[in-house]
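Residues: numbered from 1 along the sequence shown.
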Amino acid sequence: MNGIQILMYHQVGDFPAMDTHRATYCDYRRFGTQMAYLKLGGYHVLRLDDALRCLRGEMPVPPRAVVLTFDDAYENFYEYAFPVLQKHGFPAMVYPISGLLGQPAAWLAADNHATPLLMNAARLRQLRVAGIDIGSHSVSHVRLTEQSAERIREEVTRSKAELEDALGEPVDHFCYPYGSHDMRVVEAVAAAGYRSATTCERAPATSADDPLTLPRNRVGRLADRRVVENAYEKHAEAAADPARRVGSLKRRLDDVPEAAFFS
């Protein structure tokens with residue numbers, strides 16, 4: 001794997017079947033399988049700060065380097081994803097919307113989807129104490145390229161200030177809502193003092209990338225997810241000895257092409 005895979009998640013939980021925006025919903029069982037795949041497959045899950053150091057050449061890029069990011073800061077992150085991350089000792093970056101903390105994700109109603117609760121400031125502080133990093137996802141979750149220059153500045157600067165006030169520490173990382181960005185938006189993000197910003201462009205991040213337009217890959221739509229899931233589900237049949245079971249699972253996961261996991 002070349003570069004660093006910055007993986008993009010939104011919601012993790014137990015969801016009904018749906019026809020639209022399926023990539024932004026990850027079943028909690030599949031999420032557990034994916035994290036087991038990373039752990040037992042020898043992946044190095046990095047904090048975004050460390051990934052940036054790697055991209056700047058300040059530290060070597062470890063083999064199979066991955067960053068986990070979660071857009072919107074849904075409360076279901078705390079319920080379903082956070083315990084799995086703790087189990088494996090994985091860091092992650094969560095991008096809350098500063099003007100909607102503790103409120104429903106109302107924009108999802110336009111597609112007749114449920115509007116789950118977003119995490120409040122107290123929950124974000126709790127996660128910070130536990131080692132989860134917090135970035136910014138704007139004030140109101142609008143498509144920034146469709147806004148005036150004044151509104152863009154407001155969305156990126158006010159969200160930074162509000163989250164820093166809530167957390168009592170700097171917020172250095174931004175995520176473009178809907179991946180919507182152009183030169184005006186990127187320049188506003190730079191002027192606000194962010195050190196990185198993530199997009200929805202699909203590719204590994206490399207040293208050639210501008211840190212304010214970092215690409216990410218999706219995991220919600222695992223191209224051949226049954227290959228990975230079958231490897232995980234069947235490993236218990238391999239042997240009665242736990243150590244041999246883990247070895248069997250690792251061998252099975254080594255056979256899964258990365259193209260089937262990162263899309």
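- No side-chain heavy atom of Y28 sits less than 4.5 Å from a side-chain heavy atom of F15.
- Heavy-atom minimum distance, G102 versus L117: O-CD1, 3.2 Å.
- Within the structure, the ring-ring contact (aromatic ring centres under 6.0 Å, His included) test picks out the following pairs touching residues 191-219 (sequence neighbours left out): F174-Y194.
- Within the structure, every pair that satisfies the ring-ring contact (aromatic ring centres under 6.0 Å, His included) test and touches residues 136-163, not counting sequence neighbours, is listed here: W107-H141, H137-H141, H141-Y178.
- By the salt bridge (Lys or Arg N to Asp or Glu O under 4.0 Å) test, R125 is found to be paired with no residue, residues two or more places apart in sequence or in another chain being considered.
- Partners of S180 according to the side chain to side chain donor-acceptor pair (under 3.5 Å) rule, which considers only residues two or more places apart in sequence or in another chain, are T145.
- Applying side-chain contact (heavy atoms from CB on, under 4.5 Å) to R158 and the options K160, E155, E154 leaves one that passes, E154.
- Only one option out of Y9, F82, Y80 pairs with F31 in a ring-ring contact (aromatic ring centres under 6.0 Å, His included); it is Y9.
- Classification of E201 and R216 as a salt-bridged pair fails, no side-chain N sitting under 4.0 Å from a carboxylate O.
- Atom CD in Q11 sits 12.0 Å away from atom CZ in F70 (nearest 0.5 Å).
- Side-chain atoms of D209 never come within 3.5 Å of backbone atoms of P211 as a donor-acceptor pair (strictly under, hydrogens ignored).
- With respect to the salt-bridge test (charged N to carboxylate O, under 4.0 angstrom), the residues D50 and R53 qualify.
- Residues passing the side chain to side chain donor-acceptor pair (under 3.5 Å) test with N112, sequence neighbours excluded: none.
- Across every non-hydrogen atom of L214 and S196, the tightest pair is CD1-CB, 4.2 Å.
- Legend: residues meeting side chain to side chain donor-acceptor pair (under 3.5 Å) with D14, ordered by chain and number and at least two apart, are R29.
- Enclosure of atom CD in E150 is not indicated, since only 12 or fewer non-hydrogen atoms of other residues, nucleotides or ligands lie within 6.0 angstrom.
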